[in-house]
Structures are given as C-alpha cells and as structure tokens.
Amino acid sequence: MLKIKDLNVSISNKQILKDFNLEINEGEIHVIMGTNGVGKSTLVKTLSDHYDCEVHSGQIEFKGKDLLELDASQRANEGIFMSFQNPVEVHGVNNMYFLKTAVNEKRAYQNQEEVNSAQFLKEVKDIIKEYNLSDEIIKRNVNEGFSGGEKKKNEMLQLLVLKPDLIMLDEIDSGLDIDAIKLVAKAVNSMLDGKRSVLMITHYDRLLELIRPDFVHILKDGKIIKSGDYNLALEVQKNGFEAVGS
Ligand code: ADP
Ligand code: MG
Ligand code: MG
C-alpha cells in the first residue's frame, strides 16, 4: 500500500524527518507515537501534500504510484484520507455540498459518473442515524462553529462517505470524551476490510484498545527508533518515551 524510503522533510527550513523509512501493507494498522514536536504530524502532512512540508529527498510509493508526483487532491482521489489534528473551518461552504463534491471529484477521477443525489442523501442520513450524529451536521457549513468533538465527528462522516484506502488519523482522540472515542473507533473499524490500511497518531491507549494496531512505532530524531506491537504502546503508557526509547 505505502512505501516510504529515506524521506527527508523540513518545515520552515528546519529538518524534521531524516532518512525516514516505513512500509504499510494492505490491511495493516500502524501507530506512530512520540514526544511533542518530534514530527508525527509532519509525517502525515507530508503524505497528504501539506504546503508546510518541504520534501528534499526520498521516495513515497502509494499503490505502486509515485506519490510525490501527485498533488493533494490527486492523492485524496487516489484514496488517501487525512483527519487533521485541527480540522479547519471552511466558511460559507455547506457541509452536505462539500461531502457530495468530494465524493464526485473522486468518482470523476476514477471515470465514474456522479452519485445520484437522492441516494447519496440517503446514505449520509443513514450514517447520521447509525452514529447518532445531529441532523444539523449536514445543514451547517464545514466545521464552522463546530466544537472540537463535532469537528472530529465530521471527519468521521467524511471518512465513511469517501471510503479511502489509506486512513490517516492525527490525534483524532485528543480532547474527545469516551463516547466520541467509541464513535471514532466504530467508524474506523467499520472501514476495515482486510484491504484498507490505517496510519494513526495517538498518545493514548484508550483508542488503541478499540482499534487494535498491528504495529506501533516510536518516532525520535526524525526516524523510527523502535517498532513493536500493541505491547509497545502499553509500555510507553506505563514507563514513558524516555525509558522505552533508550
Ligand atoms: P508532532 O506532531 O510530533 O507534535 P509536528 O510534526 O507538528 O510535531 O512538528 C515538528 C516540528 O516542526 C516542531 O518543532 C514544530 O514546532 C515545527 N513546526 C510544525 N509546523 C510548523 C510551521 N508551520 N512553522 C514552523 N515550524 C513548524
Ligand atoms: Mg502533531
Ligand atoms: Mg508540495
């Protein structure tokens, strides 16, 4: 699914990722952990072509394609989904219109015809019902005035309609109450079909209890210094990064 080789990335002329390597196969769930400011967000922002991130060298292959050749919207249309640590408010853009446009963009990219409006509305309403979301979520503008929790739920609504191949979640659980964390886990788990992959950043094992990772990686000094399974996350929770990383 994803092959990152010797990736060097800087932000504001400061090198953040240094000869970074990571491979994610179909169906795998990977977690990146690390202290604040170590470059976790930089990694997923780089993968989604965020303008902050400058790639100096290295390769990123996604489903056999050279990802660095693709811009942000092409990457999304290829099946990369990014849930930002701080989802932006898009003022004046109706959320339902936004969702439908995103889905139709992806379909056009794959030479499929536009979604049937009535069918799509039903699909979205079914999700709203199943996940106990407010009906208002599709009537309002994208994230405008949403609480932190509502923004994260809206990210999950996008996930559920876009059905991406690679799901990237940047601290989706920070600031969420346990019910909202359960909603996130339900949405992500519903997407897992043995083919879709997940790249998740989190500090807490609450989410990892609900979305069980196959691999946990510790990021330090621009690269992965230790990899393990779920137990590594538990070890970090118990003893902290310093003890685990040394
Ligand atoms: P993490 O997600 O691991 O906490 P980030 O990837 O967000 O860390 O940030 C890595 C480093 O890059 C930090 O030192 C951070 O302050 C810096 N950084 C991130 N974004 C910017 C920016 N837009 N301008 C300048 N420095 C930035
Ligand atoms: Mg971050
Ligand atoms: Mg770029």
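Counting starts at 1 for both ligands and their atoms, following the listed order.
Nearest protein heavy-atom contact of atom 14 (O) of ligand 1 is K14 NZ, 2.8 Å. Nearest to atom 24 (N) of ligand 1 among the protein's heavy atoms is S12 OG, 3.1 Å. Closest to atom 6 (O) of ligand 1, if we only count protein heavy atoms, is T42 OG1, 2.5 Å. The protein heavy-atom contact nearest to atom 10 (C) of ligand 1 is G37 O, 3.4 Å. Distance from atom 12 (O) of ligand 1 to its nearest protein heavy atom, with residue and atom name: I16 CD1, 3.3 Å. Remark: minimum distance from atom 23 (N) of ligand 1 to any protein heavy atom is reached at D52 OD2, 3.5 Å. Of the protein's heavy atoms, I11 CG2, 3.4 Å lies nearest to atom 27 (C) of ligand 1. Atom 7 (O) of ligand 1 has as its closest protein heavy atom S41 CB, 3.5 Å.
Under the 4.5 Å side-chain heavy-atom criterion for Ile, Leu, Val, Met, Phe, Trp and Tyr, M82 and L2 are members of the same hydrophobic cluster.
Between H203 and F241, the ring planes are perpendicular. Angles over 60° get that label, and only those under 30° would be called parallel.
A side-chain donor from one of Y109 and E78 sits under 3.5 Å from a side-chain acceptor of the other. Residues N116 and Q119 have side chains that never bring a donor and an acceptor to within less than 3.5 angstrom of each other.
Residue N36 approaches ligand 1 through these ligand atoms, each under 4.0 Å from one of its heavy atoms: 4 (O).
In this structure, CG on L183 lies 8.5 Å from CG on N132, to the nearest 0.5 angstrom.
Within the 4.0 Å cut-off (strictly below), no protein heavy atom is located near atom 16 (O) of ligand 1.
Within the 4.5 Å cutoff, side-chain heavy atoms of M191 are placed close to those of L159.
Among L99, I128, V124, the single residue meeting the side chain to side chain contact (heavy atoms under 4.5 Å, CB included) criterion with I137 is I128. Between I218 and the options I224, V38, L232, a side chain to side chain contact (heavy atoms under 4.5 Å, CB included) holds for only L232.
Closest of all the heavy-atom pairs between S41 and I201 is N-CD1, 4.1 Å.
At least one N, O or S atom of Q85, from either the backbone or the side chain, sits less than 2.8 Å from the Mg ion (ligand 2). Residue S41 counts as close to the Mg ion (ligand 2), with an N, O or S atom under 2.8 Å.
Ligand 1 does not have G34 within reach: every non-hydrogen atom of the residue lies 4.0 Å or more from it.
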